[in-house]
Novice: 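Below you'll find the structure I mean.
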Amino acid sequence: MRLERVYWASYAVLAVGMGLCIVLTMATPARLAYDDHFTPIEIMVREHRPPLPEECWECYQPPLYYAVASLAYGMTESTAKLVGTTPTQATAAAKKVVQCTSTAAGSITLLLCLLILRVPTRRPPGIEAMSLASVALLPRHIYMSAMVTNDALTYLVASLAVYVFLRTSVRNWPLVGCMLVGGLAGLAILCKAYSMMTAGALLCTAMLSRRRESDASKPRRKGERTMPQPQHRRMLGPVLAIAIPCLALGIWPTVRNLAHYNKPHVDNFDFFQTAMQSQFPGSRDQIDFTTFRIVSLLDRPWVHLSHVNSFWTELYARYWFDYEGLNISLAVSNEWRGFVRSLRLTGSQRTREDWKRVLAWSEKDVPRTLRIGAIASYCAGIPITAAILISLFHSLRRLRECSSTCLHTLNPLASLFVPIFQVLRLPFMSAMKAAFTLNAVSSAPWLLATAVESLPAKLRHIVICLICLSLLTLLAANINFIVYMFQHAA
């Protein structure tokens, strides 16, 4: 059976991707997450108000996720108490349901990736399924869909804004559609501030598209009959219809900060001291933007002194494995806990010297089976990443070709700016987060499919085989990770 004729494959990939998110959620306790999101949720449940930034580590974040999560938390806790459970059991059930909201958001995001891939036209079914699998099997997406985090909801709302935008552009920019796009972009900003990059990409694409349509309506030769040129107001109409709702909703955190602190932006570092501030690299001068240390990464697949200051190595590693590990995979490892105990660290917060000793771990200090899975996942990610990047930079030359090309190029590039800006502002390893770019996750399948379809037939078959082999390797690595979490964390 030829790959191009496997009509059911996309739905099989969708089911596998959703299944991996669900099973990892079952294996991961609600307490295992990169940040404590339960404190702001409980403030909203108990006190019926948004938290102020100085109240807790995550309280500076925009409020939409916490409003949704507090509703799920409060309803579950109340229902559990009504059926006779203890307060402790009711709270545990409420926390698990909050965790499951991330799972639901991640699963719906996968569905949106499939729908976006089909706009404006459908691809051959096999290529469509292969491209969708690049997200369905992406470890970072699976991890974020299985823990308590505001990122998963952000990816969902941002992807929904992208989908509605593409449908709106196909239908000649109806006013209601444009306003809906702006509203969704504003809601995405109310989930996480880095969604401003997606909002900016949507606005730039709308402006370029209207400009292209205006140029297309101009006469090319003397006497040539054309449609009447659009008026200036008509050209700017869709852009304003997107911008105004986006600004009206997304500006809320800025208004709050100006009202309480007389400045447009505050974050947790304005209020709290943390061991993160003594992490490596430690300064802008120590960050290396010129190397990709894949050999060193395969030798030491978690964060390590040998590559902790290499930006591109860290960013790549966080897409394809639980690279930092200190909160999730290594946190439940007997080998790692034994290693940390052997260091005899003192004090409530780690110093730079403490971090240096922790990050100098050896092979015997980490779980062997998970190390093998990490290496396999990193190797599998190389051809997929290469194809997407080649397609991305090739698309830069075709920005004005159509709305899809423009948006799927600008959105990832704009999102990539966020971790670069963040690590320059906060030069610590915990700031080099691939999660900051996944609001553009829906563009990855489109870019991969475009890359494969642009190849000559013989080379295309070779690349398809290589990518399919990589995807099978990723599936095995993800299953290995889930089994490990069931054995050590569940």
Novice: How far apart are the closest heavy atoms of Ile142 and Cys21, and which atoms are they?
Specialist: CA-SG, 4.2 Å
Novice: Checking side chain to side chain donor-acceptor pair (under 3.5 Å) for the pair Thr149/Asp151: CA distance, chi angles, key distance, verdict?
Specialist: CA-CA 5 Å; Thr149 174; Asp151 293 283; 2.7 Å; yes
Novice: Does Arg256 use its side chain to pair, donor to acceptor, with the backbone of Tyr60 at less than 3.5 Å?
Specialist: yes
Novice: Hey, does the side chain of Ser169 reach the backbone of Leu166 with a donor-acceptor pair shorter than 3.5 angstrom?
Specialist: yes
Novice: CD1 of Ile388 to OG of Ser131: how many Å apart, nearest 0.5 Å?
Specialist: 8.5 Å
Novice: Indicate the atoms forming the closest heavy-atom contact of Cys191 with Val157, along with that distance.
Specialist: SG-CG2, 4.3 Å
Novice: Which of parallel (below 30°), tilted (30 to 60°) and perpendicular (above 60°) describes Tyr316 and Phe292?
Specialist: perpendicular
Novice: Is atom CZ of Phe417 surrounded by more than 12 heavy atoms (other residues, nucleotides or ligands) closer than 6.0 Å?
Specialist: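 Result for CZ/Phe417: open.
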Novice: Apply side chain to side chain contact (heavy atoms under 4.5 Å, CB included) to Leu132 and Leu14, showing your working.
Specialist: CA-CA 8 Å; Leu132 179 63; Leu14 198 62; 4.2 Å; yes
Novice: Do Thr154 and Ser195 get their side chains close enough for a donor-acceptor pair, meaning under 3.5 Å?
Specialist: no
Novice: Below 4.5 Å, heavy atoms only, C-beta onward: do Ile189 and Cys246 meet side chain to side chain?
Specialist: yes
Novice: Side-chain contact test, heavy atoms from C-beta onward, threshold under 4.5 Å: evaluate it for Pro383 versus Leu466 and give yes or no.
Specialist: yes
Novice: Which pair of heavy atoms, one from Ala146 and one from Thr103, lies closest together, and at what distance?
Specialist: CA-OG1, 4.4 Å
Novice: Is the ring pair Phe321/Trp302 parallel, tilted or perpendicular, if the boundaries are 30 and 60 degrees?
Specialist: perpendicular
Novice: Is there side-chain contact between Val148 and Leu32, with heavy atoms separated by less than 4.5 Å?
Specialist: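 Side chain of Val148 against side chain of Leu32, heavy atoms only: no contact under 4.5 Å found.
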Novice: On a heavy-atom basis, which atom in Ala152 and which in Ser102 lie closest, and how many Å separate them?
Specialist: CB-O, 3.7 Å
Novice: Is there side-chain contact between Cys59 and Tyr66, with heavy atoms separated by less than 4.5 Å?
Specialist: no
Novice: For the backbone of Val239 and the side chain of Trp173, can you confirm whether one donor and one acceptor N or O come within less than 3.5 Å of each other?
Specialist: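 Judged by distance alone, no pair lies under 3.5 Å.
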Novice: Can you list every pair that meets side-chain hydrogen bond (donor to acceptor under 3.5 Å, both in side chains) and has a residue in residues 133-145, with sequence neighbours left out?
Specialist: Tyr34-Arg140
Novice: For Cys465, enumerate each residue passing the side chain to side chain contact (heavy atoms under 4.5 Å, CB included) test, keeping only those at least two apart in sequence or located in another chain.
Specialist: none
Novice: Are Ser310 and Asp288 linked by a side-chain donor-acceptor pair shorter than 3.5 Å?
Specialist: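 Side chains of Ser310 and Asp288: no pair found under 3.5 Å.
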Novice: Counting only N and O atoms by type, is there a donor-acceptor contact under 3.5 Å from the side chain of Asn257 to the main-chain atoms of Pro253?
Specialist: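 Yes; at least one donor-acceptor contact below 3.5 Å.
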Novice: Between His307 and Tyr323, what is the ring plane arrangement, given parallel below 30°, perpendicular above 60°, and tilted in between?
Specialist: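 Correct class here is tilted.
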Novice: More than 12 heavy atoms of other residues, nucleotides or ligands under 6.0 Å from CZ of Phe421: is that the case?
Specialist: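 No, the 6.0 Å shell around CZ holds no more than 12 heavy atoms from other groups.
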Novice: Taking side chain as C-beta onward, heavy atoms only, is Trp355 less than 4.5 Å from Phe428?
Specialist: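 Of all side-chain heavy-atom pairs linking Phe428 with Trp355, none is under 4.5 Å.
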Novice: So, Gln279 versus Ser430: side-chain donor-acceptor pair below 3.5 Å or not?
Specialist: yes
Novice: Treating Thr405 as the side-chain partner and Glu401 as the backbone partner, does any N or O pair qualify as donor plus acceptor under 3.5 Å?
Specialist: no
Novice: When you measure from the side chain of Asp35 to the backbone of Glu58, do you find a donor-acceptor pair of N or O atoms at a distance under 3.5 Å?
Specialist: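 Checking the backbone N and O of Glu58 against the side chain of Asp35, no donor-acceptor pair under 3.5 Å is found.
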Novice: Indicate yes or no for a side-chain donor-acceptor contact from Ser454 to the backbone of Ala451 under 3.5 Å, with no hydrogens or angles considered.
Specialist: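 Yes; at least one donor-acceptor contact below 3.5 Å.
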Novice: State, to 0.1 Å, how close Val164 and Gly177 come at their nearest heavy-atom pair, and which atoms those are.
Specialist: CG1-O, 4.1 Å
Novice: Disulfide bond (SG atoms under 2.5 Å apart) with Cys402: which residues, sequence neighbours excluded?
Specialist: none
Novice: Given Tyr155 and Cys113, is the side chain to side chain contact (heavy atoms under 4.5 Å, CB included) satisfied, shown in steps?
Specialist: CA-CA 11 Å; Tyr155 308 152; Cys113 287; over 6 Å; no
Novice: Within the 3.5 Å criterion, strictly below it, is a donor on Ser329 or Asp322 matched to an acceptor on the partner's side chain?
Specialist: yes
Novice: Short question: side chain of Asn478, backbone of Leu474 - any donor-acceptor pair under 3.5 Å?
Specialist: yes
Novice: State, to 0.1 Å, how close Ile482 and Ala27 come at their nearest heavy-atom pair, and which atoms those are.
Specialist: O-CB, 4.2 Å
Novice: So, are Asp267 and Arg425 salt-bridged, with charged N and O less than 4.0 Å apart?
Specialist: yes
Novice: Going through the distances and angles, do Trp312 and Thr290 end up as a side chain to side chain donor-acceptor pair (under 3.5 Å)?
Specialist: CA-CA 8 Å; Trp312 300 112; Thr290 62; over 6 Å; no
Novice: Evaluate the criterion side chain to side chain contact (heavy atoms under 4.5 Å, CB included) for residue pair Ser395 and Leu399; output intermediate values, then yes/no.
Specialist: CA-CA 6 Å; Ser395 296; Leu399 281 182; 5.9 Å; no
Novice: Picking from Glu314, Gln286, Arg293, what satisfies side chain to side chain donor-acceptor pair (under 3.5 Å) with Asn309?
Specialist: Arg293
Novice: Taking C-beta and beyond as the side chain, do Asp299 and Ser306 meet within less than 4.5 Å on heavy atoms?
Specialist: no
Novice: Can you confirm whether the side chains of Ser159 and Thr109 place a donor and an acceptor under 3.5 Å from each other?
Specialist: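 Absent: no donor and acceptor within the cut-off.
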Novice: Quick one: pull up CZ in Phe165 and CD1 in Ile116 and give me the separation to the nearest 0.5 Å.
Specialist: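 Result: 12.0 Å between the selected atoms.
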Novice: Quick one: does Thr274's side chain have a donor or acceptor within less than 3.5 Å of a partner on Met276's backbone?
Specialist: yes
Novice: Is the shortest side-chain heavy-atom distance between Pro419 and Val423 below 4.5 Å?
Specialist: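 Side-chain contact under 4.5 Å: no.
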Novice: Can a donor-acceptor pair be found between the side chains of Tyr319 and Thr437 at a distance below 3.5 Å?
Specialist: yes
Novice: State, with a plain yes or no, whether a side-chain heavy atom of Thr28 is found less than 4.5 Å away from one of Gln99.
Specialist: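 A side-chain contact exists here, since the closest heavy-atom pair is under 4.5 Å.
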Novice: Take Leu413 and Leu396 through the side chain to side chain contact (heavy atoms under 4.5 Å, CB included) test and state the conclusion after the steps.
Specialist: CA-CA 10 Å; Leu413 288 175; Leu396 279 171; 3.5 Å; yes
Novice: Under 3.5 Å, side chain of His265 to main-chain N/O of Thr254, donor-acceptor pair present?
Specialist: no
